[in-house]
Amino acid sequence: MNDALSQDSTPKFKPPFVWSPRPAGSTDLVWRYPGNPILGRRAIPCAQAVYNSAVVPFQNRYAGVFRADHMNGLPDLHVGWSDDGIRWELSPEPIGFATSDGEMPKPAYGYDPRVCLIGEKYYITWCAEYHGPTIGLAWTSDFKTFHRLENAFLPNNRNGVLFPRKIRGHYAMLSRPSDGGHTPFGEIFYSESPDLRFWGSHRFVMGAGRLWWESVKIGSGAVPIETGEGWLLFYHGVRSTCNGLVYSMGAALLDLDNPWKLRGRIPGPILMPEQDYETTGFVPNVVFPCAVLHDESTGRLAIYYGAADTHVALAFALRDELISELLANPATV
């Protein structure tokens, strides 16, 4: 393991929490793991890139659902395991989703997964194919058998992210309605469901265009983190330049009881493409958060993000520093 990486074990977090301290002299709210990227494009033989993937603690290890772009050009989802959150072993075979409904069509592709623990089940949301991109939904209790549920929404939709507990007695999800192409627009909406099958109570949360670095579109990133001040949300924002789109990472604070109400929004990106593995790849200039580990006892955060649509990378932050910054920047939608 890289000497710059340390691990902190607390009774509330197993396995040992992945952590790298802020570099000396840095005042950045978010800083990178010095050993990035932690997974490259050929992490498994069938893949030409592995990125935009989700990681959670599971028993005494880490488990993850990883996006792998196959040699045939289509993405699919693979399970991964790690003892330290840095070194990963990925299954060479894509996840095979079990379903009791013979009429449910098998998606032609799957990408950009998120994993959310609700109760005793780990729920996976991802961009699935059904006459265009939509939000696939499944659950597992062991990361071996995955039970597929009905797609959450009609196409076209992306970036479906569940909340880790019920809101007003209902399951809750953020998503970004889109189109069937590369989506030259996008804003974040909130939806509720009594049973993870029927979704409604749709509410607008926050839009693109107000801030320079997210002038084209935005989308939810990792599962929201519950804090005493509200839900801490990491998201991606996209701007257009003369050389194409640039994806950066932002942070927002949502009301605890009514998560469609925005409490705060940091006006600038908290992480933007700067390193070679973020600026060079299949899609240059991309930082795309998909998972955050939270050590409640220390407030430490480990952020897994996709870099240049090619690699999985890791960054770190402190919860309380981000919350203070968000409370100092009450923002409109």
Side-chain angles (χ1 to χ4, degrees), residues 1-2 4-22 28-39 50-67 79-90 112-119 121-125 140 143 161-165 174 220-228 231-236 249-253 270-271 287-307 311-323:
M1 183 178 297
N2 191 300
L5 180 76
S6 61
Q7 292 183 315
D8 177 68
S9 180
T10 69
K12 288 187 177 182
F13 200 101
K14 294 181 180 180
F17 191 78
V18 182
W19 182 251
S20 185
R22 181 187 277 117
D28 293 340
L29 285 171
V30 176
W31 58 95
R32 296 167 176 83
Y33 171 52
N36 275 342
I38 62 171
L39 275 174
V50 178
Y51 58 101
N52 294 6
S53 303
V55 171
V56 291
F58 179 73
Q59 297 178 354
N60 292 320
R61 304 175 70 191
Y62 292 97
V65 177
F66 292 80
R67 169 180 177 162
V79 173
W81 298 93
S82 175
D83 291 326
D84 60 11
I86 300 293
R87 294 166 292 195
W88 288 88
E89 293 184 7
L90 272 58
D112 295 358
R114 278 76 163 183
V115 179
C116 180
L117 175 62
I118 306 176
K121 295 179 179 179
Y122 294 84
Y123 289 90
I124 299 92
T125 54
T140 183
F143 287 90
V161 178
L162 285 165
F163 283 78
R165 67 167 173 83
L174 300 172
S220 301
V223 171
I225 297 169
E226 186 170 6
T227 77
W231 295 99
L232 173 58
L233 175 67
F234 292 86
Y235 67 98
H236 65 267
M249 187 190 307
L253 188 66
I270 58 175
L271 194 72
V287 165
F288 193 99
C290 277
V292 177
L293 305 177
H294 177 209
D295 185 348
E296 294 184 29
S297 63
T298 64
R300 293 174 173 179
L301 303 170
I303 308 164
Y304 289 82
Y305 66 96
H311 311 282
V312 176
L314 182 60
F316 304 95
L318 293 170
R319 176 198 61 216
D320 294 346
E321 287 186 359
L322 287 170
I323 295 297

ask   = How long is the span from the CZ atom in Phe288 to the CG atom in Leu271, to the nearest 0.5 Å?
value = 14.0 Å

remark   = Between Ile303 and Ala317, the two heavy atoms sitting closest are CD1-CB, 4.3 Å

message = With a sphere of 6.0 Å drawn around CD of Glu89, does it hold more than 12 non-hydrogen atoms of other residues, nucleotides or ligands?
response = no

ask   = Side-chain contact, heavy-atom cut-off 4.5 Å: Ile86 with Tyr33?
value = yes

query = Out of curiosity, Tyr123 OH to Leu162 CG, how far, rounded to the nearest 0.5 Å?
reply = 8.5 Å

ask   = Closest approach of Val55 and Ala291, non-hydrogen atoms and distance?
value = N-CB, 3.5 Å

request  = May I ask you to check whether Tyr122 and Phe143 place their ring centers less than 6.0 Å from one another?
outcome  = yes

ask   = Can you list the steps and then say if Tyr62 with Val18 is a side-chain contact (heavy atoms from CB on, under 4.5 Å)?
value = CA-CA 10 Å; Tyr62 292 97; Val18 182; 3.6 Å; yes

task = Return yes if some donor-acceptor pair links the side-chain N/O of Arg114 with the main-chain N/O of Asp112 below 3.5 Å, else return no.
result = yes

message = Under a 3.5 Å distance rule, please check whether Trp31 uses its side chain to pair with a backbone N or O of Ser20 as donor and acceptor.
response = yes

query = From Arg67 CZ over to Ser53 OG, what is the distance, rounded to the nearest 0.5 angstrom?
reply = 8.5 Å

Test side-chain contact (heavy atoms from CB on, under 4.5 Å) applied to Trp88 and Phe66, step by step = CA-CA 11 Å; Trp88 288 88; Phe66 292 80; 3.5 Å; yes

key: Leu301 side chain reached by Leu322 side chain, heavy atoms, under 4.5 Å   = yes

ask   = Can you name the closest pair of heavy atoms from Leu174 and Ser220 and give their distance?
value = CB-OG, 3.3 Å

key: Heavy-atom side-chain contact between Pro57 and Leu293 under 4.5 Å   = yes

task = Rounded to the nearest 0.5 Å, what's the gap from NE2 on His311 to CG on Leu39? Could you check?
result = 10.5 Å

request  = Could you tell me whether a side-chain N or O of Tyr304 sits under 3.5 Å from a main-chain N or O of Gly85, the two making a donor and an acceptor?
outcome  = yes

task = State the CG-CG distance between Asn60 and Asp83, to the nearest 0.5 angstrom.
result = 9.5 Å

key: Considering all heavy atoms, the nearest His294-Ile225 contact   = ND1-CG2, 3.3 Å

message = Could you check whether any side-chain N or O of Arg319 sits under 3.5 Å from a backbone N or O of Glu296, counting only pairs where one atom can act as donor and the other as acceptor?
response = yes

task = For residues Cys290 and Ala54, report the shortest heavy-atom separation together with the two atoms involved.
result = O-CB, 4.3 Å

task = Indicate yes or no for a side-chain donor-acceptor contact from Asn36 to the backbone of Leu314 under 3.5 Å, with no hydrogens or angles considered.
result = yes

query = What distance do Leu253 atom CG and Ile323 atom CD1 have between them, rounded to the nearest 0.5 Å?
reply = 5.0 Å

query = Is any side-chain heavy atom of Tyr235 closer than 4.5 Å to a side-chain heavy atom of Val161?
reply = no

